[in-house]
Visitor: 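The structure that follows is given in the form of structure tokens.
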Amino acid sequence: MSTPTAPADHGLQAIPADTVSLSDYERHAQARMTASAWAYLQGGAGDEHTVQANAQAWQALHLVPRVLRRTAGGHTRTQLFGRTLAHPLIVAPVAYQHLMHPEGELDTALAAAAQEAGFVLSTQSSTRLEDIGDAIAADDLRGPLWMQLYLQPDRGFTKALVHRAEAAGFEAIVLTVDAPTSGVRDRERRAGFCLPPGVSAVNLQGMTPPPTAEVPAHGSALFDGLLHHAPTWDDIAWLRAQTRLPIVLKGVLHADDARQALGLGVQGLIVSNHGGRTLDTVLPTARALPRIADAVGADMPVLVDGGIRRGTDVLKALALGARAVLIGRPCMHALATAGALGVAHGIRLLRDELEAAMALTGCATLSDIHPGLIDRD
Ligand SMILES: Cc1cc2nc3c(=O)[nH]c(=O)nc-3n(C[C@H](O)[C@H](O)[C@H](O)COP(=O)(O)O)c2cc1C
């Protein structure tokens, strides 16, 4: 006789009643996570100046609303890579989401799809990419489904990974270029963070580890070892030849790099400093964005992430030239607090805030959002 099984718990924990903004999720998540996992999630490189500066740079921009404009019938729709998106919010790639919740990336992806938001799966996902594809690829209403890629030393494995992503229904490859080596994340090191049993980069299983480089006596483990495998511009051409999917470079901050990408058949850029996790004191993304948008003009969509916490931040990003924005840690706070329900609610909160910010600045559509809404003094 078969035993009835309990219905799968797809993260239907209750959302605490006082949760009205993404910062409320941050508070609730900290109370639910281990100190070590919290240090991994929240921490940044060095003294975390860039982590702070990212959020502060959006806050420091002042809006100058227009009044008495007709906004009834407005909407948040936008176009990206030939698709119409309901709104410009995308969940950023974040590694090892089983640290935050037992359902990990699956809950985040289901929530993003339910809210018509984009979802980017990390190379270091703790859920198989095929399981994400099976869960949401066929959903007609979902937003973009993209695969983030760290080029692996084993290029044959990298190619196979890209082809698996294509077969699973992913629609773009987001190549992260700002982390040829891991940032030195002091908070995480002080907490002694290491992955708990059962949480691993499952999509990288079976990869042949690179031959260990002979580091000469008094040599550098970095320059004489690891960096022999770091990607360079030559690899962009290699990757372009491996996939039919659009390639989006994530982690561009310099206008010259943006122009170089344009010449190499890259289809989009994400202005990002990895949420302040790679190199401390790097330029906040709100400051880098206008330079990159100017450098590529209308030739390529530019997206941005880092410190975006409010609908007003999203509006400012669009005013400075972004087509869409990615949200990292806040989605993880919502995941840790209330699973899929929390992530869906968190995305909805941000979308509602964006709509309110549009109405209060006189913008009926995203194309009404322009640089003149931001004070220049
Ligand atoms: C815990 C954590 C893990 C991350 N893992 C990845 C990753 O695997 N690949 C990647 O390209 N970016 C990764 N990021 C960076 C995010 O994609 C994104 O750039 C950043 O979180 C945006 O800043 P925000 O957290 O302030 O929104 C990670 C960020 C965090 C917080």
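Both counts, for ligands and for their atoms, begin at 1 and track the order of listing. What you see below is based on every heavy atom in this structure, not just the backbone, and it leaves out hydrogens, waters and symmetry mates.
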Visitor: Which protein N or O atoms sit under 3.5 Å from any N or O of ligand 1? Give each pair with its distance.
Guide:
unit_1: ligand 1; atom_1: 5 (N); unit_2: Ala95; atom_2: N; d: 3.1
unit_1: ligand 1; atom_1: 8 (O); unit_2: Ser122; atom_2: OG; d: 2.7
unit_1: ligand 1; atom_1: 9 (N); unit_2: Gln148; atom_2: OE1; d: 3.3
unit_1: ligand 1; atom_1: 9 (N); unit_2: Tyr150; atom_2: OH; d: 3.0
unit_1: ligand 1; atom_1: 11 (O); unit_2: Thr176; atom_2: OG1; d: 2.7
unit_1: ligand 1; atom_1: 11 (O); unit_2: Lys250; atom_2: NZ; d: 3.0
unit_1: ligand 1; atom_1: 12 (N); unit_2: Pro93; atom_2: O; d: 3.4
unit_1: ligand 1; atom_1: 12 (N); unit_2: Lys250; atom_2: NZ; d: 3.0
unit_1: ligand 1; atom_1: 12 (N); unit_2: His274; atom_2: NE2; d: 3.3
unit_1: ligand 1; atom_1: 14 (N); unit_2: Pro93; atom_2: O; d: 3.3
unit_1: ligand 1; atom_1: 17 (O); unit_2: Pro93; atom_2: O; d: 2.7
unit_1: ligand 1; atom_1: 17 (O); unit_2: Lys250; atom_2: NZ; d: 3.1
unit_1: ligand 1; atom_1: 19 (O); unit_2: Lys250; atom_2: NZ; d: 3.1
unit_1: ligand 1; atom_1: 19 (O); unit_2: Ser272; atom_2: OG; d: 3.4
unit_1: ligand 1; atom_1: 19 (O); unit_2: Asp305; atom_2: OD1; d: 3.4
unit_1: ligand 1; atom_1: 19 (O); unit_2: Asp305; atom_2: OD2; d: 2.6
unit_1: ligand 1; atom_1: 25 (O); unit_2: Arg329; atom_2: N; d: 2.9
unit_1: ligand 1; atom_1: 25 (O); unit_2: Arg329; atom_2: NH1; d: 3.1
unit_1: ligand 1; atom_1: 26 (O); unit_2: Gly307; atom_2: N; d: 2.9
unit_1: ligand 1; atom_1: 26 (O); unit_2: Arg309; atom_2: NH1; d: 3.4
unit_1: ligand 1; atom_1: 26 (O); unit_2: Arg309; atom_2: NH2; d: 2.7
unit_1: ligand 1; atom_1: 26 (O); unit_2: Arg329; atom_2: NH1; d: 3.4
unit_1: ligand 1; atom_1: 27 (O); unit_2: Arg309; atom_2: NH1; d: 3.2
unit_1: ligand 1; atom_1: 27 (O); unit_2: Gly328; atom_2: N; d: 2.9

Visitor: I'd like to check Pro65 versus Leu360 (side-chain heavy atoms, cut-off strictly below 4.5 Å). Are they in contact?
Guide: no
Visitor: Can you pull the side chain to side chain donor-acceptor pair (under 3.5 Å) pairs that have at least one residue in residues 69-98, sequence neighbours excluded?
Guide: Gln79-Thr84, Arg83-Glu171, Gln97-Thr108, His98-Ser126
Visitor: Not counting sequence neighbours, list each pair that qualifies as a salt bridge (Lys or Arg N to Asp or Glu O under 4.0 Å) and has a residue in residues 306-320.
Guide: Arg310-Glu353
Visitor: Please confirm whether the backbone N or O of Thr243 pairs with a side-chain atom of Arg240, one donor and one acceptor, at under 3.5 Å?
Guide: yes
Visitor: Taking only residues at least two apart or on different chains, which pairs with a member in residues 25-63 satisfy ring pair (Phe, Tyr, Trp, His ring centres under 6.0 Å)?
Guide: Tyr25-His345, Trp38-His333, Tyr40-Phe193
Visitor: Is the shortest distance from a Lys or Arg side-chain nitrogen in Asp294 or Arg291 to a carboxylate oxygen in the other one below 4.0 Å?
Guide: no
